[in-house]
There are 2 protein chains.
Amino acid sequence: MSRDEKKQQTRKSLMDAALDLVGKGESLSSISLREVTKSAGVVPTSFYRHFSDMEELGLNLADELGMLLRKLMRAARQPDRSPQEQMLQSIDVYIDFVLQHRNHFAFMSQCRTAGTLALRNAIRNELKFFANELASDIRQTSLLAGISSQDLDVMCQLIVTTVADATVDILDLSNGSTDFRQEFSTTMVKKLDLIWQGAYAARSSSSVSSEPS
Amino acid sequence: MSRDEKKQQTRKSLMDAALDLVGKGESLSSISLREVTKSAGVVPTSFYRHFSDMEELGLNLADELGMLLRKLMRAARQPDRSPQEQMLQSIDVYIDFVLQHRNHFAFMSQCRTAGTLALRNAIRNELKFFANELASDIRQTSLLAGISSQDLDVMCQLIVTTVADATVDILDLSNGSTDFRQEFSTTMVKKLDLIWQGAYAARSSSSVSSEPS
DNA sequence: AGTTTCAGTGAACACGTGTACACAAAGCTA
DNA sequence: TAGCTTTGTGTACACGTGTTCACTGAAACT
């Protein structure tokens, strides 16, 4: 194994170790460098060969999360169907995806509002990017033909924050009731449906209070 | 000063010290007991006269937050107006309220998704309570007459999570551009308006995919 | 083959941590 | 006034922390 491969490997094991600790319930901000290195099976000083800081490690985790979100986007893209069918299936895909990457999404959930300013911004940018992708996807389907670009953006932001917000529920509930999916899905559908109908109503009826003259 | 008064006073100064540190950007989970007592001007061991734990202190902060939210609810209740006027003014009231209680809302923002399970649940319960109050308020105005009880609940949850989510923006942006209010308000209005229109559309047209037979 | 580069080691440091304990002093009760 | 109660103090301990430094050994290069 080449030296560079070896380095990338321990680097990954450091990131995974941090992610594991987050998944186990610790907050990233309270995880110590030594904990991470211990859990990764290296000596504390090795840490500095890869990151100068726990925050830098966090930012790299945010990058990883970004790549995951792009992968999710691809997985969720589906052939044309009715909005409702697509909604239901997307929720299902999302739940699977979150459960399949528990640690990353626990990381996302907690660092989106807690954590350093830089870290928060990094994650918010990833989510903003995701929202923009979603918007351009919807724009192509012409399911909401006639909606203003601004309204579409707002709707997508709303969807993304709503889903991101509900993610912690997926993580919490999934160790417990077996049929949490049913309950979760139905209330999630209601939320998204409400947003969708709101956007549909806003279609070609200009927004209420943002047109001064 | 009576002994009990004195005790309540240092207890409060401990809670305020913790809150201050949170407001300064630290995460509650990474604040040490000693930091708190130092900042409160007492010796570390005194802490145990009031709380057994930093988590217990956090739970008490969550209670304080709950009281604040009730106060906010009262402040935001307004004589009958058009939904749009009320929306605009409520946003204004909320921004003022958040800026007036920066630390509490920074605490809310970060502990809603990070922090202990117990702490998260405590804050989520406060927000749930708030959403329920909002629902019963709206129910009385009959502005959304004909809406199903479930849809109303969903709408209120959506509003509360959306506002709670945007709170971190208020805190971040308020040290910066002077007219952040303008920008923030307009996008916030758009979001709430979209939700409102969604609920309005759902009025007496039963939900899409939750009626099996 | 000889030399250089560098990921990982291990000991050491100064310091912050949570918590236990005995003690002081001021309020309360009798 | 005497005695009990209890908030806050000071000291002490064992331990975890981030970071430093000189080091080893093997891969990579010449």
Side-chain angles (χ1 to χ4, degrees), chain A residues 1-61 64 110-111 114-119, chain B residues 1-61 64 110-111 114-119:
Chain A
M1 174 179 289
S2 96
R3 183 148 69 169
D4 213 62
E5 284 173 325
K6 179 68 185 166
K7 179 171 186 182
Q8 296 308 316
Q9 180 178 303
T10 74
R11 177 193 164 94
K12 179 154 176 50
S13 76
L14 282 170
M15 290 174 68
D16 287 352
L19 219 42
D20 251 38
L21 292 170
V22 168
K24 282 191 172 56
E26 313 243 17
S27 337
L28 184 74
S29 54
S30 66
I31 295 177
S32 69
L33 182 153
R34 285 178 114 104
E35 266 183 287
V36 173
T37 56
K38 188 177 183 181
S39 170
V42 289
V43 102
T45 47
S46 281
F47 185 89
Y48 298 105
R49 302 290 183 198
H50 305 272
F51 312 99
S52 65
D53 217 73
M54 274 295 284
E55 170 156 13
E56 196 182 310
L57 187 149
L59 290 172
N60 280 278
L61 285 179
E64 262 192 14
Q110 79 164 209
C111 291
T116 319
L117 179 66
L119 197 45
Chain B
M1 176 177 287
S2 93
R3 183 151 66 172
D4 214 61
E5 282 173 326
K6 179 66 184 166
K7 178 169 186 181
Q8 295 308 316
Q9 179 177 302
T10 75
R11 177 193 164 94
K12 179 156 176 48
S13 76
L14 282 170
M15 290 173 68
D16 286 352
L19 219 42
D20 252 39
L21 292 169
V22 169
K24 282 192 172 55
E26 312 242 18
S27 339
L28 183 75
S29 54
S30 67
I31 294 176
S32 69
L33 182 153
R34 285 177 113 105
E35 267 183 287
V36 174
T37 56
K38 188 178 183 180
S39 170
V42 289
V43 102
T45 46
S46 282
F47 185 90
Y48 298 105
R49 303 291 183 197
H50 304 273
F51 311 100
S52 66
D53 217 72
M54 275 293 287
E55 170 157 13
E56 195 183 311
L57 187 149
L59 291 173
N60 280 278
L61 285 179
E64 262 192 14
Q110 80 165 205
C111 291
T116 321
L117 180 66
L119 197 45

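Per chain, numbering begins at 1; letters A, B, ... match sequence-line order.
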Quiz item: How close or far is atom P of D:dG8 from atom NZ of B:K12, stated in whole angstroms?
Solution: 15 Å
Quiz item: Hey, is the main chain of B:E35 close enough, under 3.5 Å, to the side chain of B:S32 for a donor-acceptor pair?
Solution: yes
Quiz item: How many Å lie between CG on A:L57 and C1' on D:dG18, as a whole number?
Solution: 15 Å
Quiz prompt | Spacing of A:Q9 atom CD relative to D:dA27 atom P, expressed in whole Å | solution = 14 Å
Quiz item: Are the side chain of B:S27 and the backbone N or O of B:S30 linked by a donor-acceptor pair below 3.5 Å?
Solution: no
Quiz item: When rounded to the nearest 0.5 angstrom, what is the spacing between CD in B:E26 and OG1 in A:T116?
Solution: 10.5 Å
Self-check item: Comparing B:R11 and B:R3 on DNA chain D - which has the more 5′ nearest nucleotide
Solution: B:R3
Listing, residues 38-55 of chain A side-chain donor-acceptor contacts under 3.5 Å, not counting sequence neighbours, or none:
| residue | atom | partner | partner atom | Å |
| --- | --- | --- | --- | --- |
| A:H50 | NE2 | A:T10 | OG1 | 3.1 |
| A:S52 | OG | A:E56 | OE1 | 2.8 |
| A:D53 | OD2 | A:E55 | N | 3.3 |

Quiz prompt | Atom pair CG (A:L61) and CG (A:D16), whose distance is rounded to the nearest 0.5 Å | solution = 8.5 Å
Practice problem: Name the first nucleotide and the last nucleotide along DNA chain C (5' to 3') that come under 4.0 Å of a heavy atom in chain B. | Solution: C:dT17 to C:dC28
Self-check item: Inter-residue atom distance A:M15.CE - A:R11.CZ, 0.5 Å rounding
Solution: 6.0 Å
Exercise. For B:L14 and D:dT7, give me the distance from atom CG to atom C1', rounded to whole Å.
Key: 12 Å
Exercise. Taking A:S2 for its side chain and A:E5 for its backbone only, find out whether a donor-acceptor pair lies under 3.5 Å.
Key: yes
Quiz item: Nearest nucleotide by nearest heavy atom, which residue falls closer to the 5' end of DNA chain C, B:S2 or B:D53?
Solution: B:D53
Practice problem: For DNA chain C, determine which residues of residues 45-52 of chain B have any heavy atom closer than 4.0 angstrom to one of its atoms, and list them numerically. | Solution: B:T45, B:Y48
Quiz item: If we only count heavy atoms from C-beta on, is the A:L28 to A:L119 side-chain gap below 4.5 Å?
Solution: yes
Quiz item: Starting at the 5' end of DNA chain D, which residue's closest nucleotide do you reach first, B:R34 or B:D4?
Solution: B:D4
